[in-house]
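Per chain, numbering begins at 1; letters A, B, ... match sequence-line order.
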Amino acid sequence: MTTVSIPAGWPATEEQARAVQDRLRERVVLDEPGPPPGTGHVTGVDVAYDDERDVVAAAAVVLDAATLAVVAEATAVGRISFPYVPGLLAFREIPTVLAALDALSRPPGLVVCDGYGLAHPRRFGLASHLGVLTGLPTIGVAKNPFAFTHDDPAPARGSAAPLLDGPEEVGRALRTRDGVKPVFVSVGHRVDLDTACAHVLRLTPRYRLPETTRLADSLCRRALRDSVGR
DNA sequence: GCGACAG
DNA sequence: ATCTTGTCGC
């Protein structure tokens with residue numbers, strides 16, 4: 001497990017953070033299909049907080065995309081680098097997530113983030129931000145529709161409906177289990193939306209949320225507990 | 001102007 | 001995100 005500090009020059013205000021997003025957004029690549037589902041590695045990243053202690057723990061879990069077997073894991077802890085502000089989530093999570101990714105012994109392949117990519121007020125959510133900084137293909141899978149709208153997908157697993165920001169499609173409400181609330185998929189970097197959804201369906205053989213995020217979630221919570229003991 | 005709003 | 005035990009159900 002590695003320890004990270006807040007990077008020099010990290011935004012200190014919302015205005016600065018939005019300026020960073022506006023600048024980095026130009027580097028997002030949207031014209032690649034992305035890695036074929038079921039091949040190579042798929043990596044889940046997630047973060048847990050202890051606001052009381054000002055500590056954040058991140059985890060990265062690498063799965064074999066064909067079997068969903070875990071092939072590598074890493075964690076990192078650091079200080080909380082930004083308050084939670086809707087639309088600026090990346091500034092709270094990214095330094096520690098980058099450290100966890102760096103600590104992996106295997107290449108991550110496609111990275112699955114908790115949250116959004118293109119589905120973002122300025123079209124630059126956490127998944128897009130992480131993709132631009134690492135160069136890796138990324139997608140976002142969120143549990144809530146944020147401020148976006150969507151029709152209810154048909155009840156069967158695999159059904160989907162556009163996730164809309166006004167008239168613009170920014171992602172997809174994707175039903176991963178029969179009759180269960182959908183997840184909200186959006187493109188991060190170097191992956192198209194159809195491919196992103198195909199990956200998410202392969203990652204949900206049993207539960208609503210992808211195995212990647214389930215495993216990363218439990219690992220970062222454990223790392224947070226272990227960082228102080230309890 | 002105010003509230004809502006990924007995690 | 002987080003506060004939080006047992007409990008109902010497959």
Side-chain angles (χ1 to χ4, degrees), chain A residues 11 14 17-18 20-21 24-25 28 44-61 75-98 100 111-132 138-150 157 163-166 168-174 176-189 193 196 200 204-210 212-225 227-228 230:
Chain A
E14 298 182 22
R18 282 189 291 268
V20 170
Q21 291 180 330
L24 293 182
R25 185 179 46 217
V28 174
V45 294
D46 194 20
V47 163
Y49 302 98
D50 184 340
D51 287 289
E52 194 98 342
R53 294 166 47 232
D54 188 33
V55 170
V56 52
V61 181
T75 60
V77 297
R79 311 291 295 280
I80 297 178
S81 51
F82 209 83
Y84 173 65
V85 179
L88 299 178
L89 177 64
F91 295 93
R92 189 167 166 80
E93 309 206 334
I94 272 189
T96 318
V97 168
L98 286 176
V111 177
V112 181
C113 299
D114 243 20
Y116 285 121
L118 249 193
H120 179 274
R122 288 168 296 283
R123 303 295 178 266
F124 196 71
L126 170 64
S128 308
H129 201 145
L130 190 64
V132 164
T138 60
I139 66 174
V141 180
K143 307 178 215 44
N144 296 292
F146 202 23
F148 306 111
T149 61
H150 63 91
R157 162 176 155 89
L163 185 66
L164 300 172
D165 185 355
E168 185 177 353
E169 179 174 27
V170 294
R172 205 167 278 168
L174 177 65
T176 55
R177 306 303 308 163
D178 289 352
V180 173
K181 174 179 175 170
V183 299
F184 304 91
V185 179
S186 62
V187 162
H189 183 60
L193 186 55
V200 171
T204 50
R206 169 144 182 138
Y207 298 104
R208 172 185 178 233
L209 296 178
T212 38
T213 69
R214 290 168 41 79
L215 291 164
D217 180 76
S218 67
L219 182 57
C220 70
R221 292 190 202 218
R222 200 183 325 148
L224 186 64
R225 294 197 315 263
S227 74
V228 63
R230 177 181 288 189

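Whole-Å rounding puts the Leu224(A) CG to dG7(B) C1' distance at 14 Å. A straight line from OH of Tyr49(A) to P of dA6(B) spans 13 Å, rounded to a whole angstrom. Atom P of nucleotide dC5(B) and atom CZ of Arg18(A) are separated by 18 Å, given to the nearest angstrom. Look at CG on Leu118(A): it is 18 Å from P on dA6(B), rounded to the nearest Å. Distance, Phe82(A) CZ to dA1(C) P: 20 Å, rounded to whole Å. Atom OH of Tyr116(A) is separated from atom C1' of dC5(B) by 10 Å (rounded to the nearest Å). Leu130(A) places its CG atom 14 Å from the C1' atom of dG7(B), with the value rounded to the nearest Å. Going from atom CG of Leu126(A) over to atom P of dC5(B) covers 20 Å, rounded to whole Å.
Nucleic acid contact class of Gly87(A) (heavy atoms, under 4.0 Å, all strands): base. At the heavy-atom level, Leu88(A) lies under 4.0 Å from base atoms of the strands shown. Heavy atoms of Ala119(A) sit nowhere under 4.0 angstrom from any nucleic acid atom. No contact: Asp51(A) has no heavy atom under 4.0 Å from any strand. Among the protein residues, Tyr84(A) comes within range of the nucleic acid bases, having at least one heavy atom under 4.0 Å from a base atom. Looking at heavy-atom distances under 4.0 Å, Arg221(A) makes contact with sugar-phosphate atoms alone, never a base.
Remark on DNA chain C: of its neighbouring residues Arg206(A) and Asp217(A), the 5'-side contact belongs to Asp217(A), judged by nearest-heavy-atom nucleotide.
Ranking dA6(B), dA1(C), dG7(B) by closeness to the Glu93(A) side chain, first place goes to dG7(B).
The distance from the CZ atom of Arg157(A) to the OG1 atom of Thr176(A) is 7.0 Å, given to the nearest 0.5 Å.
Taking the six-membered ring where tryptophan is involved, the planes of Phe91(A) and His129(A) are perpendicular, since the angle between them exceeds 60° and thus also 30°. Under the 30°/60° scheme for interplanar angles, the aromatic rings of Phe148(A) and Tyr116(A) are found to stand perpendicular.
Phosphate proximity of dA6(B) to Lys143(A): absent, as no side-chain N or O sits under 4.0 Å from OP1 or OP2. Between Asn144(A) and dG7(B) there is a side-chain polar atom (N or O) within less than 4.0 angstrom of OP1 or OP2. Arg92(A) has no side-chain polar atom (N or O) that falls below the 4.0 Å cut-off from OP1 or OP2 of dA6(B).
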Given the rule in the side chain to side chain contact (heavy atoms under 4.5 Å, CB included) test, do Lys143(A) and Val183(A) qualify, once you have shown the distances and angles that lead to the verdict?
-> CA-CA 5 Å; Lys143(A) 307 178 215 44; Val183(A) 299; over 6 Å; no
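Among Val97(A), Leu130(A), Thr212(A), the single residue meeting the side chain to side chain contact (heavy atoms under 4.5 Å, CB included) criterion with Cys113(A) is Leu130(A).
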